[in-house]
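The structure appears right after this line, and notes come after that.
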Amino acid sequence: MSQSWPIVFMGTPAAAAVSLERLLEGPDPVVGVVTQPDRPVGRGQKTVPAPVRKIAESHHKPVLTPDRIRDPDFLEALKHWAPRLIVVVAYGRILPRSILDLPPAGCVNVHYSLLPKYRGAAPVPWALLNGEERSGVTTMKLVEKMDAGPILMQEEVPIALDETAASLEAELNSVGARLLSETIRRLKEGSIVAKPQREEEATYAPMLKKVDGQIDWTQSAEIIERRVRAFHLWPSTYSFWNGQLVKVFKAAVVGAEEEAAAGEVVRADRGGLWIATGRGILSLEEVQLENRKRLPVAEFLKGAKIEKGERL
RNA sequence: CGCGGGGUGGAGCAGUCCGGUAGCUCGCAAGGCUCAUAACCUUGAGGUCGGUGGUUCAAAUCCACCCCCCGCAA
């Protein structure tokens, strides 16, 4: 009954690449892909193509990487592709009205939260940081205001007690890819009624900064442990010892009491590496010293002469 | 040419500046103590010190090049 819809995909990071791969399986043709220009990345400032670009090129799809989203030449090229629908997943830029209005079926966005909660750039870490019990994926129609468009479909994902940003994002990637193709299928058959978001319930998940990862030991052990899981992918949770950067990749709240100042080492032996916090004790379980490998704390303690009473 | 750190017995590290018989905390093996133990005591096995070349009477250590790993940055 419904014919196939030519689709243009816009996205950049690995999370978006998962959705793109799913779309490439059909049934609708991906007629073009838009992603951010390659940028110098990593040690030695090598220029590496964005994940979405790699996928697109391996499928021999035309790719555009406009420096400026309002570039007239880019808009012309987009029109030339004549998409019926544009799919946007973590493209990294706000789209102007000229693009939103271009495809007859509009623009669909995939967002990793249960909108209207956690609008913005970093919904995954913020959900973990706040100790949420569930997250999810929402597909919506794009409007000019960020993540505020009417909801098409939504699916919940429970958050485990030991969930990290990495594990949750992986889960949301696969749910998101599936929900996206489901959303397109139902859009084509006209069986979705877009539901406006309840503005009064909106919350925001702003982009993280590097310094957000630095541990404030006066916070409670429980909160710090959440930060470790929330910032697992980026910016990672860190502190300093002897002037050296120490990243914490895994930690646990210890059910014990100890008289010590926040940030003081209260134990560093076979039993583990325990640090006093503003409330409770945090056991560091996987750490990485600057320039060193990431190690289980038992290994770390064999080489590092860290002792009770020192401060982080 | 973005900045910087590191590769030393199975693991994590010290030793490198000021060349000269390889050390620490563990692990492993055997024995001992113990009701017992991840505890303690003895003894032991295990290393061409990332690779190649150079300097030197002598190189983990100095010089050159190469390989691999990592922190910052993005």
Side-chain angles (χ1 to χ4, degrees), chain A residues 10-17 34-57 63 65-69 89-94 120-122 124-125 164-166 169 205-217 224 227-252 254-256 263 265-275 281-312:
Chain A
M10 301 179 73
T12 303
V34 181
T35 190
Q36 300 264 2
D38 301 347
R39 294 216 169 76
V41 151
R43 208 175 285 135
Q45 70 162 50
K46 289 162 297 221
T47 296
V48 178
V52 161
R53 179 179 194 138
K54 281 191 185 164
I55 298 295
E57 287 178 345
V63 177
T65 60
D67 283 318
R68 292 175 303 119
I69 195 76
V89 185
Y91 173 58
R93 294 205 182 150
I94 307 290
V124 170
T164 67
E169 188 168 308
M207 198 179 304
L208 298 172
K209 296 186 292 282
K210 179 64 185 176
V211 292
D212 291 330
Q214 177 156 6
I215 295 176
D216 174 1
W217 292 105
I224 297 172
R227 300 181 78 87
V228 170
R229 289 184 288 114
F231 298 162
H232 197 93
L233 283 175
W234 195 87
S236 85
T237 313
Y238 60 91
S239 190
F240 291 91
W241 171 61
N242 275 351
Q244 287 184 297
L245 183 76
V246 182
K247 288 187 177 180
V248 180
F249 286 97
K250 191 160 187 272
V254 174
V265 176
V266 297
R267 174 174 198 176
D269 56 31
R270 257 173 211 286
L273 179 56
W274 293 9
I275 314 295
I281 291 174
L282 193 69
S283 167
L284 308 188
E285 308 203 322
E286 194 176 1
V287 299
Q288 179 175 29
L289 197 59
E290 177 178 333
N291 296 332
R292 299 288 182 180
K293 284 183 183 163
R294 180 169 159 178
L295 297 172
V297 79
E299 299 299 304
F300 172 76
L301 288 172
K302 283 175 188 168
K305 328 152 259 166
I306 183 168
E307 289 177 8
K308 178 168 176 168
E310 292 191 59
R311 297 289 294 266
L312 287 182

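The sequence lines fix the lettering, A, B, ..., with proteins before strands; numbering per chain opens at 1. As a basis for the values below, the full set of heavy atoms in this structure was taken, side chains included, without hydrogen atoms, waters or symmetry mates.
For A/K210, taking side-chain heavy atoms from C-beta onward, the closest of the listed nucleotides B/rG71, B/rA73, B/rA74 is B/rA73.
Remark: B/rG4 base-pairs with B/rC70; criterion is Watson-Crick or G-U wobble with both hydrogen-bond distances under 3.5 Å. Pair assignment for B/rC17: none, as no Watson-Crick or G-U wobble contacts are both less than 3.5 Å. In a base pair of the Watson-Crick type (N1 to N3 plus N6-O4 or O6-N4) or a G-U wobble (N1-O2 and O6-N3), with each distance short of 3.5 Å, B/rG31 is matched with B/rC41.
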Can you give me every donor-acceptor pair (side chain of residues 227-234 of chain A, partner residue at least two apart or in another chain, under 3.5 Å) with its distance?
{"residue": "A/R227", "atom": "NH2", "partner": "A/D212", "partner atom": "O", "Å": "2.7"}
{"residue": "A/R229", "atom": "NE", "partner": "A/E225", "partner atom": "OE1", "Å": "3.2"}
{"residue": "A/R229", "atom": "NE", "partner": "A/E225", "partner atom": "OE2", "Å": "2.9"}
{"residue": "A/R229", "atom": "NH1", "partner": "A/L161", "partner atom": "O", "Å": "3.2"}
{"residue": "A/R229", "atom": "NH1", "partner": "A/E163", "partner atom": "O", "Å": "3.0"}
{"residue": "A/R229", "atom": "NH2", "partner": "A/E225", "partner atom": "OE1", "Å": "3.2"}

Distance-only donor-acceptor hits, side chain of residues 298-312 of chain A, under 3.5 Å, sequence neighbours excluded:
{"residue": "A/E299", "atom": "OE2", "partner": "A/K302", "partner atom": "NZ", "Å": "3.3"}
{"residue": "A/E310", "atom": "OE1", "partner": "A/W241", "partner atom": "NE1", "Å": "2.9"}
{"residue": "A/E310", "atom": "OE2", "partner": "A/E307", "partner atom": "N", "Å": "2.7"}
{"residue": "A/R311", "atom": "NH2", "partner": "A/A262", "partner atom": "O", "Å": "3.1"}

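If you check every strand for non-hydrogen atoms under 4.0 Å, A/K305 touches nothing. If you check every strand for non-hydrogen atoms under 4.0 Å, A/Q244 touches nothing.
For A/S236, the side chain to side chain donor-acceptor pair (under 3.5 Å) criterion is met by no residue, not counting sequence neighbours. By the side chain to side chain donor-acceptor pair (under 3.5 Å) test, A/R267 pairs with A/D269, sequence neighbours left out. By the side-chain contact (heavy atoms from CB on, under 4.5 Å) test, A/V254 pairs with A/A256, A/W274, A/I281, A/S283, sequence neighbours left out. With sequence neighbours excluded, the residues forming a side-chain contact (heavy atoms from CB on, under 4.5 Å) with A/P51 are A/A14, A/A17, listed by chain and number. Annotation: salt bridge (Lys or Arg N to Asp or Glu O under 4.0 Å) contacts of A/K247 (sequence neighbours excluded): none. Residues passing the side chain to side chain donor-acceptor pair (under 3.5 Å) test with A/E286, sequence neighbours excluded: A/R294. Evaluation of the side-chain contact (heavy atoms from CB on, under 4.5 Å) rule for A/D216 yields A/T218, A/Q219 as partners, not counting sequence neighbours.
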All N/O pairs under 3.5 Å across the protein-nucleotides 3-6 of chain B interface:
{"residue": "B/rG4", "atom": "N2", "partner": "A/N291", "partner atom": "OD1", "Å": "2.6"}
{"residue": "B/rG5", "atom": "O4'", "partner": "A/N291", "partner atom": "ND2", "Å": "3.1"}
{"residue": "B/rG5", "atom": "O2'", "partner": "A/N291", "partner atom": "ND2", "Å": "3.1"}

What N/O pairs connect the protein and nucleotides 8-11 of chain B at under 3.5 Å? Give each pair on its own line.
{"residue": "B/rA11", "atom": "O2'", "partner": "A/E299", "partner atom": "OE1", "Å": "2.0"}

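Straight-line distance from the CZ atom of A/F300 to the P atom of B/rG12: 13 Å, rounded to whole Å. The CH2 atom of A/W241 sits 11 Å away from the P atom of B/rC13 (whole-angstrom rounding). In this structure, CD of A/Q214 is placed 13 Å from P of B/rC72, rounded to the nearest angstrom. If you take CG of A/N242 and C1' of B/rC13, they are 14 Å apart, rounded to a whole angstrom. Atom-to-atom, CG of A/L301 to P of B/rG27 comes out at 13 Å; the value is rounded to the nearest Å.
The closest side-chain heavy-atom distance from A/V265 to A/I275 is below 4.5 Å.
B/rA11 and B/rC72 are spaced 27 Å apart, taking the C1' atom of each and rounding to whole Å. Taking the P atoms as reference points, B/rC57 lies 37 Å from B/rC13, given to the whole Å. The gap from the C1' atom of B/rA64 to that of B/rU21 amounts to 28 Å, rounded to the nearest Å. When the P atom is compared between B/rC67 and B/rU25, the two are found 38 Å apart, to the nearest whole Å. Spacing of C1' atoms, B/rA36 relative to B/rG32, comes out at 15 Å, to the nearest Å. When the P atom is used for both B/rC68 and B/rG51, the distance is 15 Å, rounded to whole Å. Comparing the P positions of B/rA45 and B/rG20 gives a spacing of 25 Å, expressed to the nearest Å. Rounded to whole Å, the C1' atom of B/rA74 lies 45 Å from the corresponding atom of B/rC28.
Taking a 4.0 Å limit (strictly below) on heavy-atom distances, residues 228-240 of chain A does not reach RNA chain B anywhere.
Among the candidates A/T65, A/T12, A/V48, the single residue satisfying the side-chain contact (heavy atoms from CB on, under 4.5 Å) test with A/R53 is A/T65.
Looking only at distances, a side-chain donor or acceptor of A/Q36 sits under 3.5 Å from a matching main-chain atom of A/Y91.
Heavy-atom distances to RNA chain B give each of A/R270 and A/K293 a nearest nucleotide, and the one nearer the 5′ end belongs to A/R270.
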